[in-house]
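Remember, it's 1-based here, ligands and their atoms both numbered in the order they're listed.
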Amino acid sequence: MHLPFLLAAAGLAASQQTVVGIIPVVGLKTGVDPVTKQPPPRLNLNDLRNSGPAWDLYIQGLASFQRVPEYDERSFFRVGGIHGRPYIPYNGVAPVPGAPVDQGYCIHDEIIFATWHRPYVVLFEQLLSEHIHTIAAQYTGPEAVLYTQAADSWRQPYWDWAIDRALPDVVTSLNLTINTPNGTVTIPNPLLQYRFQTFPLNDTLFPLDCDFGIAKYPTSVRCPDPWTNKSNEDMASSYVGAVDLAAQVYNVYTRINTFECMASTAYDGTSFEDQHNEIHVALGCIHPPGHMANLVYSGYDPVFMLHHAAIDRHVALWQAIHYNNSMFNTTYTSTVGAYATAAGTNITNDSPLKPFYADAKGTFHTSESVKDVRDLGYTYPELLGQNNMTKEELRRRVISVVNRLYSNSTTAGVQKRTEGGREGKEYFVNIKVDKGEVKDLPAILNILVGERLAGRFVLPQIPSQGVVYTEISLGHALEAAKLASLDTKTVIPFLEREMRWELKQVRIPFHLCCVDFRLTRQYNGTLIPLSAIPSPEIQVLDQHVILPNTTDELPVYGKATFWPSITERVEARSA
Ligand SMILES: *[C@@H]1O[C@H](CO)[C@@H](O)[C@H](O)[C@H]1NC(C)=O
Ligand SMILES: *[C@@H]1O[C@H](CO)[C@@H](O)[C@H](O)[C@H]1NC(C)=O
Ligand SMILES: *[C@@H]1O[C@H](CO)[C@@H](O)[C@H](O)[C@H]1NC(C)=O
Ligand SMILES: *[C@@H]1O[C@H](CO)[C@@H](O)[C@H](O)[C@H]1NC(C)=O
Ligand SMILES: *[C@@H]1O[C@H](CO)[C@@H](O)[C@H](O)[C@H]1NC(C)=O
Ligand SMILES: *[C@@H]1O[C@H](CO)[C@@H](O)[C@H](O)[C@H]1NC(C)=O
Ligand SMILES: *[C@@H]1O[C@H](CO)[C@@H](O)[C@H](O)[C@H]1NC(C)=O
Ligand SMILES: *[C@@H]1O[C@H](CO)[C@@H](O)[C@H](O)[C@H]1NC(C)=O
Ligand SMILES: *[C@@H]1O[C@H](CO)[C@@H](O)[C@H](O)[C@H]1NC(C)=O
Ligand SMILES: *[C@@H]1O[C@H](CO)[C@@H](O)[C@H](O)[C@H]1NC(C)=O
Ligand SMILES: *[C@@H]1O[C@H](CO)[C@@H](O)[C@H](O)[C@H]1NC(C)=O
């Protein structure tokens, strides 16, 4: 049983303290369809922006949310800080013995990466919705009803980076023009950045000599230019477009059949966490990093929740397709723990997702309690009508959408579009890295075929330990090579000759990065000699794939054949 408690706001503002109770994550209750009983969907940002009232309310609500005093647990600042710094209690959830001292509550490289971030976005959505309702109530005349209804059905939007392949204008423009209760007004864009109310930040909680000195910025920044300390939004955007994320998410939908592997880099194969890492690094950049690239600070960039709603949607759609595996039921041991979880804790689907309470009595959410998004007051457009369908009907509906949106990439000369009856071979690289062996994180492992980057594996600085996995498709690289055939007799000798990999560390001395940045406007990282680390383990494999005959089925993969000769030759060459 928890009673409201007094939180000394841990020095955020020495003289200000605030009485807070638990803020349970119950989800929004408004806007439920009276016939289908479904809650409203979280919309694609591009659709929300064209929705009129809901867009006007979202922008004003976010601006209002960002004005809540930073010592208040209901502020944008405190919610952003749950993810990393400041390392202070939220909801009164204190550290436990054995918990790491240098980490926030966020969970990465563990199965509950997917489920921990779910109530996190809901908490943000819930608090932002209060601002939206307050503003909606200020409209008068015929607008009053319209804006109240829009507030009721508003949910946190998502940014589909796999399709957009760039930062949307509404996230990068300085100002936005919207219809307010006082008429049309142009306001500073709250999606562009968060401006810290108390600046400089408290140096004890946000030390300048850690985290690449990121605490020096008065606002959240993306790809900061070290000469001006300003964001370079175009550079961030170009990095988002540089990787075929649609093909990557499609591979998770089609090749990953267990919740564990889908959710996290801690298990074999590709995962949504992998694409999640790509976006963090693309938006923050590495020379030196902006907020998104540093998980200790990423919660302060307003784009964070747009990104995590996108990840959450992929998880929800994957769950609908793989409805028999929609929750994990294994136990694993957390390598590093988190702010209020000791290293070595055994985690199951009933373990607490701290600091998120499911009710005011102090019951924590668990992976099991957040399994179904409808229980948290929202859904996604592709899941509308779910209450009225069998699981199999829903599965086919969602597969159709996934095929339509994400299957466009060609891999190994086989179009994974549903054109019927075609089959072929695809080639992949399986990668396993022990992060503990990589001294300076973050780092990036590049797979190259000839001079072409076939794919890369981002290794964020958090957590600093643990084995991580991914799988990279060689489809684009082989397509570009224009080989006479894609059978193994042609491809394997080619890869033995042309494939290589490199590990680049991106923790770079500030002076070096500045010089390099000025000359080239980009920093490519420092090569780590691969001989210095026993891992990575890298394997090339091929698989036969049969494409479906209908749009509501997925490709079917045959047994994998591994080609150790490629790895041996590459290693012999680089020794
Ligand atoms: C900074 O944070 C520390 C640790 O919480 C606290 O002791 C100190 O009073 C804070 N400083 C200011 C100026 O608020
Ligand atoms: C943005 O709006 C501010 C006033 O809120 C104005 O001073 C500034 O010129 C505007 N900038 C642009 C690029 O429109
Ligand atoms: C509308 O204008 C009034 C009077 O200037 C002001 O008090 C109020 O905050 C404004 N409302 C909004 C939503 O901007
Ligand atoms: C950028 O930040 C650095 C480190 O705090 C500072 O020395 C420099 O003056 C800043 N540059 C500008 C243009 O504000
Ligand atoms: C889920 O399990 C049921 C019962 O075993 C089975 O009939 C159904 O085909 C399975 N669905 C999928 C998509 O595997
Ligand atoms: C765990 O899930 C797997 C498939 O996801 C299933 O085969 C197995 O029976 C489940 N075990 C328990 C104990 O529920
Ligand atoms: C975690 O589980 C393992 C294997 O079941 C067990 O040996 C160990 O004691 C457990 N650790 C804790 C902290 O409960
Ligand atoms: C879904 O519900 C509607 C009424 O809301 C009904 O007309 C329709 O037949 C239902 N469809 C299915 C597949 O049950
Ligand atoms: C995928 O390709 C089809 C056919 O070329 C096209 O109509 C569709 O717009 C493409 N989808 C995306 C998301 O690019
Ligand atoms: C970084 O990589 C880009 C693209 O490959 C290249 O054009 C640039 O010259 C490289 N910069 C350095 C400093 O190596
Ligand atoms: C597609 O249809 C062809 C011809 O009917 C059939 O041979 C093939 O097995 C079907 N493919 C799948 C994946 O069902």
Taking the inter-plane angle between the rings of H131 and F65 on a 0 to 90° scale, is it parallel (under 30°), tilted (30 to 60°) or perpendicular (over 60°)? tilted
Atom 13 (C) of ligand 7: the protein heavy-atom neighbour that sits closest, reported with distance to 0.1 Å: G344 O, 3.9 Å
Is a side-chain N or O of N387 found less than 3.5 angstrom from the main chain of T36, in a donor-acceptor match? yes
Heavy-atom nearest pair, L376 first then V370, reads CD1-CB, 3.8 Å
State whether the shortest distance between N or O atoms of E392 and N or O atoms of ligand 5 falls below 3.5 angstrom. no
Which residue and heavy atom of the protein sit nearest atom 3 (C) of ligand 7, plus the separation: N346 ND2, 3.6 Å
Provide the number and element of each atom of ligand 5 under 4.0 Å from a heavy atom of R395. 13 (C)
Within the protein, is there a heavy atom lying under 4.0 Å from atom 9 (O) of ligand 7? no
N/O of T333 under 3.5 Å from N/O of ligand 7, yes or no? no
Ignoring hydrogens and angles, tell me if any N or O in the side chain of N349 forms a donor-acceptor pair with the backbone of M327 under 3.5 Å. no
Any side-chain to backbone donor/acceptor pair from S351 onto I347? Under 3.5 Å, distance only. no
Heavy atoms only: which of T198, L201, N202 lies closest to atom 11 (N) of ligand 1? N202
Using atom types as modelled and distance alone, determine if a side-chain donor or acceptor of Q126 lies under 3.5 Å from a backbone N or O of P24. yes
Identity and separation of the nearest protein heavy atom to atom 14 (O) of ligand 5: N324 ND2, 3.4 Å
Does the protein put any heavy atom within less than 4.0 Å of atom 5 (O) of ligand 7? no
Is the side chain of S75 donor-acceptor paired with the backbone N or O of R78 at a distance under 3.5 Å, no angle test? yes
